[in-house]
Amino acid sequence: MKNNTIIIIFILFGIIQLNAQKLIHVETKSTSLVFSVQDSKLKQAYFGTKLSQLDDLTKNGTIIFDAYSTFGTNEVNDIALQATHADGNTSTEIVFEDVNVVKEEDNNITKTTIRLKDDYYNFQVDLIFKAYYNEDMIEQWTEIIHEEKESVTLYNYASSQLSFNASSYWLTQLWGELENEMNLKETELTQGIKIIDSKLGARAAKFATPSFFLSLNEPSNENSGEIIGASLAWPGSFKLGFEIDNYQDLRVLTGINPFASQYILEKGEKFKTPSLIYSYSNKGRGELSRNFHKWGRKYGIKGGDEPRLTLLNNWEATYFDFNEKKITEIIKDAASLDLELFLLDDGWFGNKYPRNNDAAGLGDWQVNKLKLPNGIGHLVEEATKEGIKFGIWVEPEMVNPKSELYEAHPDWVIGQPHREIIYRRNQLILDLSNPKVQEFVFNSVNDLLVKNPGIAYVKWDCNRFIQNGGSPYLDTDKQSHVQIEYANGILKVLEKIATVHPKIQMMLCSGGGGRMEYGSLKYFNEFWPSDNTDARQRVLIQWGSSMFFPALATCNHVSDVPNNQTGRSTPLKFRFDVAMMGKFGMDLQPSHMDEDEFNFSKKAVSIFKSIRDVIYYGDLYRLESPYESNRVSLMYVEKEKKKAVLFVYQIHYHMREFFQDLKLEGLDPEKKYRITEINLKDGIKSRLSSNNKVISGEILLKSGIKFPNKLREYESLVIELTEEK
Ligand code: DGJ
């Protein structure tokens, strides 16, 4: 907690005296989440648009929604908590004990802890809510502790339970795979249970992201309707459960996936669940995303409001095939494009087992002397000479069996005895439940940074998930803890790195977007959403990631054509325009460009720099969705509404389609804006009839902006709107 944080503590022994009706109000600027205590049981009385007064809330009769349901005597639905007590009793009955409210961070954050206790056993459950007032976000988690004679086994331990009463429920999930991340799919929930989960342990979001929208009464809309957005901050296996009961009410349970992960909780030990971060809006998906972006920048992401560096990554340019000469040349090229950082990817390490492909070297974090005889320090110097910064790739959670690390510590990997070893990308996963392994992982990265103080940036990769999930370190009766301890282990290491090296910018990567979640992002400035760099596909991937993650954290790179993943060729301008909608970078060999391409690229980099503050810190308005239209558009509007940037992409040309004028959003109707199409190729004139004209915000919002009546496939526009007095 910061020293200057103002803390006002209202400890209320017993029930909060806000009212005589035993109500607890978790509130943000526009939202109320209200709990009531009814016959000693904690109930969720309300969640929705802000209530100005709560007095009459309970006059409607009995509140049926449990705040945190337990497996015990009368539950017929899925439960938040299931525990077997020290004496073998499988039921838990928790009653309200007290509530404690703390204000922090200049009063913007209110932390409410509701203490519940078993009415017989010395077993305590704290439900904790952090309300971020201005961002309209709530963070919720649970802490479980007991003082029973022996250990207690936890079988279910949700982070949160939320209940809803609506005529219908529409769930939007984010699903994917390598090179195909962040697909949006909305379905109506029906009676029974819908589960979105991961059992992967590491790289846990490879197939599904632990984030969702839940729209009430109707399918979700961008600008209207009651909707909840939620994201579980946890790099491990997760479970999001949605159950409609026989009364047509919906119970949403979220948290660590308890599948094969029962947890033996020792006397006095605290079990802390990850946080669910959520927000409610009655104005649709767009507002929710903006809430997430604001919260992410201020609280959720490392250095969320700090500038980012445009970069050149050599992965697609060289893969493993490079040497000092090649890299030095690419560094020079990056500098001559006016990029700000060069990022050296996989393949720089391993000597006995050189990392020349993905079959060897992982774990041996010493520079490969054949490829880079003068070491990383020399490359850092080369970059510094060119006036740019240097970054480096690591994957320190993993090991190739062909490595000195594995030879020395075969007992440091996750696996089950007497079972065949399962490889993925020829690698095994280190057992991060083991503190010695945690220390090794920390030291691998720390040594690199200490020996090469010029390194400014680290790309942290993770290319496999847990299979054969046994830990040589954990006791035999605690083998089911392996996934939870792995996730806690990695978070511990990341926390230490962030504490010791606060200035190093970090990119979160997991074979593309296999780790897009807020538990890790606390320690990362940005993330790599996908190895698929085809600009056409990237429109969809970046669209999906914009639902929960801000533009400044989403790394978008321009790569070569035909694209390495899809074989598609798109124009260089289209590739630039697509990459510009977030944190811009490049992933190609600049020396392969002809003069025109190079000049265009250099100019585009400087254009990006001139508009990046609007993109990084502005409010996002999604206008035309790639799921509904071949013309896709979105815009960012600066806080004071003096500047905006509009992106338009024709992602497919289907016969002769007619598009309507595009009504903009987020502008000030009272202001006037000059419209300027930017990032045009030299000698090409804008086809926009409004180019260089000054138009009122009101007209742009209500009547819209006209586009050439035919945009060709992969034609794109970047339009700057600047207030003109
Ligand atoms: C997977 C990442 O997503 C790529 O960007 C690249 O870093 C490779 N790993 C390197 O092995």
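Remember, it's 1-based here, ligands and their atoms both numbered in the order they're listed.
Distance from atom 9 (N) of ligand 1 to its nearest protein heavy atom, with residue and atom name: Asp461 OD2, 2.7 Å. The protein heavy-atom contact nearest to atom 7 (O) of ligand 1 is Asp345 OD1, 2.7 Å. With respect to atom 11 (O) of ligand 1, the closest heavy atom belonging to the protein is Asp346 OD2, 2.6 Å. Scanning the protein for heavy atoms near atom 4 (C) of ligand 1, the closest one is Asp531 OD1, 3.4 Å.
Contacts of Arg425 with ligand 1, taken as heavy-atom pairs under 4.0 Å, involve the side chain alone. Residue contacts with ligand 1, taken as heavy atom pairs separated by less than 4.0 Å, do not involve Asp358 at all. Contacts of Lys459 with ligand 1, taken as heavy-atom pairs under 4.0 Å, involve the side chain alone.
The existence of a salt bridge linking Glu177 and Lys206 is confirmed by a sub-4.0 Å separation between a basic side-chain nitrogen and an acidic carboxylate oxygen. Salt bridge Lys326/Asp321: present, at least one basic N to carboxylate O contact under 4.0 Å. At a threshold of 4.0 Å, the pair Glu381-Lys385 does not count as salt-bridged, since none of the basic side-chain nitrogens sits closer than that to a carboxylate oxygen.
A perpendicular orientation is assigned to the rings of Tyr649 and Phe574, their planes being inclined by more than 60° (bins at 30° and 60°). Using the six-membered ring where Trp is involved, Phe320 and Trp315 have ring planes that are perpendicular, over 60° apart on the 30 and 60° scheme.
Atoms of ligand 1 lying under 4.0 Å from at least one heavy atom of Gly512, given by number and element, are 3 (O). Interface of Cys509 with ligand 1, defined as ligand atoms under 4.0 Å from a residue heavy atom, comprises 2 (C), 3 (O). Taking every heavy atom of Trp528 and a limit of under 4.0 angstrom, the matching atoms of ligand 1 come to 3 (O), 5 (O).
Atom CG in Leu309 sits 7.5 Å away from atom CD in Glu526 (nearest 0.5 Å). Note that CG of Leu232 and CD of Glu517 are 7.5 Å apart. Values are rounded to the nearest 0.5 Å.
Checked against a 6.0 Å centroid threshold, the rings of Tyr636 and Tyr617 do not count as neighbours.
Between Phe320 and ligand 1, no pair of N/O atoms sits closer than 3.5 Å.
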